[in-house]
Novice: 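Can you keep this structure in mind? I'll have questions shortly.
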Amino acid sequence: MMKKVLTQSFLILFTAFTAVAQQPLNVGVVGLSHDHVHLLMHQWKKGQVTIAGIAEADQQLIARYKKSYQLPDSLFYPDLNSLLAHKHPDAVLGYNPVAEHINIVEACAPKGIPVMVEKPLATTVAQAERMAMLARKYHIPLLTNFETTWYNTNQYVYDMVKKQDAIGPVRKMVVHDGHEGPREIGCSEDFLRWLTDPVKNGGGALMDFGCYGANLMTWLMDGKAPIAVTAVARHIKPSIYPNVEDDATILLEYPEATGIIEASWNWPFSIKDWEVFGKSGYLHALNPSDLQQRKKSEYQPVKVPEAAYTDNITYLAAVLNGTLKPGNDLSSLENNLIVVRILEAARTSVKEGKRIVLK
C-alpha cells in the first residue's frame, strides 16, 4: 500500500513539474515600432508565448496593434518602468530603436530580468560595453535576435565546418544580405522613421544588413575579432534615404581568412545567403533550407537537418531554464559585442576612407 501511495505521489509531482516546465515564457515587450514584432504577435496568437505587458507610448501604434491582434487594454503601459512596477516577466524583448536598447538593460538588469533585443545589440561600442557591464554585474542573460540565426542551413554550415571538417580550414567567407529597400518592400512608417535615422539606427544598410555578416563570421571565427576592417558605402537613392547610406561593402581581415559582407537596400530582390570557402571545398547556404557543397567541379545539394532551435522564443526558454549556455553562439553577448565593434569600425572606415585596425 505504501509503495502504491509513493508511486502515486511521484506521478502527481512529476505531472506538476512537467506542466510547470512546459509553461510558455511570459515576456515583457518594449516598443511596437519594429516590424519584427509581428513575428512575436503570431507566436502569442499560437500560444507559444504569453505577454506580461507592452511598453509603448504611441497611441496610434497601440490602437493599430489592438485592432490587428485583439490585444486587451490591460497589457499596455506608457513606459518600461511602469510595466516593471506592476509585472515581473521572465524576460523583456526589445522592439524599439537600436539606440534605445541600452534603456531596456538599464531598467531590467538591476531587477534581474533577462533581455533579448532585435539585432544589432547597440549602435555604438560605448553603449554595448555599458550594457554588457550591467548584464554581468546583475548576472542576467543579454541576447540578440537575428533572423538568420534560425536558418537550418546556417546552423548546418557551422556543423560541417567545425564538427565534420567538411571543407578544411576556412579561407574566405562572403555574406550577402539585402533587398530592394525598406520603403520599397513596404516597411511601416513607424519603423522607417528610426530605421533610416543615423542616430537611432546608427546608420542605414550598413547597420541594418551589415550586422548579419559580422554575426555569422564572428561565430565561425570562434569568437575572435578581425584584425582590421575596411568599408565602402554608397548613397544610391538619396531622394528616398536622404540621411543614411543604402549600400555597403565591408572587408574583414583575419589571420588566415577574409570576410566580405555585402549589405544593400538596392537589390532587385531579397537575398540572405552565406558562402564559405575552405582549403578543400566550398559551402553555400542559399536560404533557410537550401545548401550546396562543391569540392571539385560540380555543385551538390546537401540534405539539411532541422536545427535544435529554430526560433528565438524556444532558444530563450532553453537559456533561462539552464539547458543551454550561449557561449559564443549567434545570440550571445560575447559575439554581439564584437559585431558592434565591427560595425563601428566600418562606419569609421567609411568616414575616414581608410583601413581601421581593431585594438
Side-chain angles (χ1 to χ4, degrees), residues 28-41 54-65 68 76-81 83 92-108 115-128 130-131 142 144-147 177-212 214-215 233 235-248 263-266 270 312 336 339-340 343-344 346-347 350-351:
V29 177
V30 177
L32 293 173
S33 62
H34 196 312
D35 286 352
H36 285 184
V37 77
H38 287 291
L39 301 173
L40 176 70
M41 292 299 160
I54 300 170
E56 176 57 67
D58 189 321
Q59 291 302 312
Q60 65 85 19
L61 262 177
I62 292 171
R64 189 199 315 161
Y65 276 85
S68 295
F76 290 92
Y77 296 86
D79 53 60
L80 180 56
N81 286 330
L83 191 162
V92 166
L93 308 182
Y95 295 94
N96 57 342
V98 179
E100 297 171 14
H101 287 172
I102 189 170
N103 300 338
I104 300 176
V105 180
E106 287 180 333
C108 290
V115 173
M116 175 178 266
V117 297
E118 292 299 292
K119 59 79 185 173
L121 174 65
T123 58
T124 68
V125 171
Q127 284 180 356
R130 170 148 179 83
M131 293 163 72
L142 173 53
T144 305
N145 183 35
F146 291 78
E147 175 194 342
D177 276 295
H179 51 43
E180 301 93 318
R183 183 171 292 282
E184 289 85 343
I185 68 168
C187 289
S188 71
E189 290 299 318
D190 302 283
F191 191 17
L192 285 167
R193 267 193 290 275
W194 65 259
L195 185 65
T196 61
D197 185 297
V199 175
K200 290 184 177 181
N201 194 48
L206 186 152
M207 294 291 289
D208 184 32
F209 280 131
C211 61
Y212 287 105
N215 180 235
H235 208 171
I236 298 169
K237 296 183 285 193
S239 62
I240 301 175
Y241 306 108
N243 301 316
V244 291
E245 80 292 334
D246 48 50
D247 189 90
S264 187
W265 290 348
N266 284 288
S270 177
N312 63 320
N336 284 284
V339 171
V340 177
L343 295 174
E344 187 168 286
R347 293 200 306 269
V350 169
K351 182 179 179 181

Novice: Using atom types as modelled and distance alone, determine if a side-chain donor or acceptor of N243 lies under 3.5 Å from a backbone N or O of P198.
Specialist: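 A pair under 3.5 Å: no.
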
Novice: Keeping E344 on the side-chain end and V125 on the backbone end, is there a donor-acceptor pair under 3.5 Å?
Specialist: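 Here the side-chain-to-backbone pair exists.
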
Novice: Counting only heavy atoms not in K200 (residues, nucleotides, ligands), do more than 12 fall under 6.0 Å from its NZ?
Specialist: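 Open: at most 12 neighbouring heavy atoms sit under 6.0 Å from NZ of K200.
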
Novice: Mind checking whether N215 and N336 have side chains closer than 4.5 Å, heavy atoms only?
Specialist: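 Yes, side chains in contact.
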
Novice: Would you confirm whether Y241, through its side chain, and R183, through its main-chain N or O, come within 3.5 Å as a donor-acceptor pair?
Specialist: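 Yes, the answer is positive, given that a donor and an acceptor are paired below the 3.5 Å cut-off.
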
Novice: Got a second to check how far R64's CZ is from D58's CG, nearest 0.5 Å?
Specialist: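 It is 8.0 Å, given to the nearest 0.5 Å.
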
Novice: For the pair E56 (side chain) and L32 (backbone), establish whether a donor and an acceptor sit closer than 3.5 Å, ignoring hydrogens and angles.
Specialist: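 Judged by distance alone, yes, a pair lies under 3.5 Å.
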
Novice: Are side-chain heavy atoms of W265 and H179 found at a separation under 4.5 Å?
Specialist: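 In short, these two side chains touch, coming nearer than 4.5 Å.
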
Novice: Do C108 and L80 come close enough that some side-chain heavy atom pair is under 4.5 Å?
Specialist: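 In short, these two side chains touch, coming nearer than 4.5 Å.
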
Novice: I'd like to check Y65 versus V37 (side-chain heavy atoms, cut-off strictly below 4.5 Å). Are they in contact?
Specialist: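 Result yes, sub-4.5 Å side-chain heavy-atom pair found.
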
Novice: Using a 3.5 Å distance criterion without hydrogens, assess whether the side chain of E118 forms a donor-acceptor pair with backbone atoms of Y95.
Specialist: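 Not confirmed, E118 side chain does not pair with Y95 backbone.
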
Novice: Quick one, Q60 and D190 - any side-chain contact, counting heavy atoms below 4.5 Å?
Specialist: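 Yes, at least one pair of side-chain atoms sits under 4.5 Å.
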
Novice: Just wondering, do P120 and L343 contact through their side chains at under 4.5 Å, heavy atoms?
Specialist: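 With C-beta onward as the side chain, the pair touches.
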
Novice: Taking the side chain as every heavy atom from C-beta outward, state whether M116 and N312 have any atom pair closer than 4.5 Å.
Specialist: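 They are in side-chain contact.
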
Novice: Tell me if a side-chain donor or acceptor on H101 pairs with a main-chain N or O of A122 at a distance below 3.5 Å.
Specialist: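 Such a contact is absent between H101 side chain and A122 backbone.
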
Novice: Do D208 and L195 make a side-chain contact, defined as non-hydrogen atoms from C-beta onward lying under 4.5 Å apart?
Specialist: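 A side-chain contact exists here, since the closest heavy-atom pair is under 4.5 Å.
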
